[in-house]
4 protein chains.
Amino acid sequence: MFTKRTDLALEARELWQESAQRTSRLAGVKATKQKQEGYPVTQVDILDQRGEEALGKPVGTYLTIDLTTFWQRKADFFERAVRVVGQALKGLVPPEGPVLVVGLGNRAMTPDAVGPLTLDSILVTRHLISAMPRQFSGFRPVSVFRSGVLGTTGVESAEAVRGLAAEVKPALIIAVDALASRRVGRVCATVQLADTGIIPGSGVGNHRSALNRDTLGVPVFSIGIPTVVDAATLAADLLEEAGAERVDEEALRASQQNLMVTPRDIDAQVRDLSKVVGYGINWALQDLEIEEMNALLS
Amino acid sequence: MFTKRTDLALEARELWQESAQRTSRLAGVKATKQKQEGYPVTQVDILDQRGEEALGKPVGTYLTIDLTTFWQRKADFFERAVRVVGQALKGLVPPEGPVLVVGLGNRAMTPDAVGPLTLDSILVTRHLISAMPRQFSGFRPVSVFRSGVLGTTGVESAEAVRGLAAEVKPALIIAVDALASRRVGRVCATVQLADTGIIPGSGVGNHRSALNRDTLGVPVFSIGIPTVVDAATLAADLLEEAGAERVDEEALRASQQNLMVTPRDIDAQVRDLSKVVGYGINWALQDLEIEEMNALLS
Amino acid sequence: MFTKRTDLALEARELWQESAQRTSRLAGVKATKQKQEGYPVTQVDILDQRGEEALGKPVGTYLTIDLTTFWQRKADFFERAVRVVGQALKGLVPPEGPVLVVGLGNRAMTPDAVGPLTLDSILVTRHLISAMPRQFSGFRPVSVFRSGVLGTTGVESAEAVRGLAAEVKPALIIAVDALASRRVGRVCATVQLADTGIIPGSGVGNHRSALNRDTLGVPVFSIGIPTVVDAATLAADLLEEAGAERVDEEALRASQQNLMVTPRDIDAQVRDLSKVVGYGINWALQDLEIEEMNALLS
Amino acid sequence: MFTKRTDLALEARELWQESAQRTSRLAGVKATKQKQEGYPVTQVDILDQRGEEALGKPVGTYLTIDLTTFWQRKADFFERAVRVVGQALKGLVPPEGPVLVVGLGNRAMTPDAVGPLTLDSILVTRHLISAMPRQFSGFRPVSVFRSGVLGTTGVESAEAVRGLAAEVKPALIIAVDALASRRVGRVCATVQLADTGIIPGSGVGNHRSALNRDTLGVPVFSIGIPTVVDAATLAADLLEEAGAERVDEEALRASQQNLMVTPRDIDAQVRDLSKVVGYGINWALQDLEIEEMNALLS
């Protein structure tokens, strides 16, 4: 069977259902859906090893926020998106202690720039609290790290984060990265949060060593935005929908290798959604209104 | 029938042949193929109105250079590519008179940045010749124009170029832009030159008013690099290859709208090929070796 | 006598007064001072040829807004600065007709980037009004032009603007540029508006041909921010203050040539003030609140 | 006495000599001068505590390469500059073991961008050697780190480098940074190498905790380019040359605070010299010709 690439737990579950032809029940996985701030939020809980094996993702909680209507730019679309991301993150992370936010990916390559761009909207406070503890007593200490990419640093992101964490001693790490979706409709229209850590670069490149509690020694939360669809996956979906009985994976991969499908105006979309994620992280970590963030980050 | 999008005359001819099931002969069009500097070069001449109607492109000469092997980085791949582009251009343009090189497209959006990036490698000489005519007597006067995009300037590229041309009075205009291909294999692996002018933005956006001899009053040559495939065109090709009897264009366009297919490392590829085009233009216009260009442009 | 470089009419008047030892009255020049929105505004009117000769600037009105307190970031500092710039401009320009805003200078060189950066905050409406006249009926048509610099275009800014103006047919042109001040205290702390046009590049480079009603055929207004002090001028001022009886201009120019004095954090300051100027232009030209500009430009 | 700011050991020695009126001999310091590849090279050795106290810099070797003639662009100016930097570095560093190159400073602020820009020209090999040990057996393992600045990361450069070094385990660290000079003639015309480590940000900002063998546990070498002159230092020098008997430091610092003096075309100069330093590091660490570096880094 053709292996369809996705980083979204939601889609892994869909793929399982398709392959099982929706007849059986997926043991070890629970999914619930609701609306928050006008945006649909799906929670997929992978409960045990059966769920892990079925979906190919570790035990944990995965929240998928559907921001499709964000682009209609209706009343307070930005503020509502910030609050829904912020609220989802707040529900996952411990309420106290210093935080290290890691932006994974390559700023120079738009579909991979979600991590670095998000960091531009993060309120960095650790050094201020350290220098002026009284004035900044109301803030939670936050530092950030732009990991860069292996090809330009020579160092795996996981190595670099582990070294930095040993110095900064965060209570938790939030890792932000671009993801791959299986459906074009979810590209630049979805935010996934997870309490399971992340494997950097799965969105647009090779799998690298994981950032999670096992490798870093502290809880690692991840926030990702799908920015691309694997071209071979898209092609396979199209062929199946058209009634193709069997898709030759090898041939399809060969013809579509190194290709990705993205929105035409991906630059603007990635910039806007990265700001939503950055502000959402601020919302979850600091006691601030969005206008105050605007003022502090201008 | 599904309308497959391409800016390459070579592919327009292929599409005609496919639709005609290769049985009939395409009247009004002549195509020849040869190898130069190790790269295949196809020349398509649209000779009359029959050719125009069949291929949807104006009468003129279209040269397509296949740079697929460029990426194998074999001996002198860069120098050979510069020479083949330079030689092809030299064969099209008049040998004397001032030149205005126009970079169309949006620098901030990688697949659309071919034009602006190419200008970074152009030897700009007009002001030097004007200030120091004796010292720069061996150079041809070249000026450049970054047209920007309508959304950020409020002015059509064709309007802006017409105004500038009225002041600069070039003997010819060379317009550089990103194109759309129908085949993924040609993306970032092809350079097309034409003596027919260009319609800006056809590569990644809407058609705008043309840049050609009719609208600008001087001969307009175009150089383009395909950087994207229209996702709906790719999908239709895939479905046809898989044996789909009829492709529902409307449905396919709706599902794939505003999507494009690009290489994963498009940023680096566009940067490298834009340098080839810029140096190729210098090669055609000035009496310089590539090393001299390196020194002058560093 | 040492020639002190300044682009500010206010300082030209100060220099005249210093050289005249404040004993005589400056004929042909009128100066008045007031406070608006909490910022001091000085108006220098050069009334006739006597004033022109004394100050080395053409007859016209020069408004200097002192934004020194902007950097204290007190209540509504940004909004007040936008309104004071907007109000000053509104008092100079005709109330109707299409507008072309020209950003002079070099984006890649921070002290020269005021023009290009300002354009990033301009509401560009000409193409929208043209495409959807009914929906955008409340807006004034605005287009923008990034002139680039002679060394990278081969074309004088004045030539390029003249060509564009022949196509766009604006009722007025607003040219934005970086300036040189004579006092470090005014650098990144002043905005000058004038109804006399501008000589591009006088801030950080050589004088080029002027942009004014004579050369462009329509009224030209200028807005400038001093970003540098000429190092030789600063040195001469220091030496005079220290009691040096005679300053050897030639020697001082030789030792300080090609040097400029700028604030350490010029990048952030130029970015913030360019936004003030861009929003101020919007305020003068469109019927919009600052929050509406934020929404439209995000 | 006025404290003149400089990061160059060469200038610290000059200042000592000026204050001592050149009558006494500077104990604990040895200086020698020679020419290499056409560029003058001065070596200042601080031998003991007397030298440390006199010059305000730790015991060690400081090499200053005078690249003033680089800008005349005579034959092989670039290649010769690379070799003189490379040779100087090769004489200081141990011949074997993995290397971590740290680029200090702020890429977004030109006079502070020497570190990040230099890294763009470094051959990063650690990950390649690790993945393909046989193919890359001829290379020395090099990784790089862009430390960012405290205000945007919340983490001191020294902390971050210490954490990374614990993971990467380099045999030596090379830290690259912008410096402050006391003489405008040395700005963008000098490279200083030292085997004593570095205090980040002394070039354009506040002193932060040091990067040296004490704080990082491995030998730390530094390479710096002066990009600015402290405006107050320049002013004091000017006043003294003009015969001012006593310079009021407090007043001068107040009037010139937060100002720096830089070349007008600092952007291009910093870019070119950062490439010299990057290639010089490659020259010292790898067995490669400059042309091979060009090919590998293109």
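Every chain is numbered from 1, with letters handed out A, B, ... down the list of sequences.
With a 6.0 Å radius and a threshold of 12 heavy atoms from other residues, nucleotides or ligands, Gln135(C) has its CD atom above the threshold. Glu292(C) CD: more than 12 foreign heavy atoms inside a 6.0 Å radius.
The line from CD of Glu167(B) to CD of Glu159(C) is 6.0 Å long, rounded to the nearest 0.5 Å. One distance of note links OG1 of Thr153(B) with NE2 of His127(C); it measures 7.5 Å at 0.5 Å rounding.
Put simply, the side chain of Thr152(C) does not reach to within 4.5 Å of the side chain of Val144(B), judged on heavy atoms.
Only the side chain of Val168(B) comes within contact range of chain C, with at least one heavy atom under 4.5 Å from a heavy atom of that chain. If you measure heavy-atom distances from Ala160(B) to chain C, the contacts under 4.5 Å come from both the backbone and the side chain.
Glu156(B) and Arg126(C) are not joined by a salt bridge, as no carboxylate oxygen comes within less than 4.0 angstrom of a charged side-chain nitrogen.
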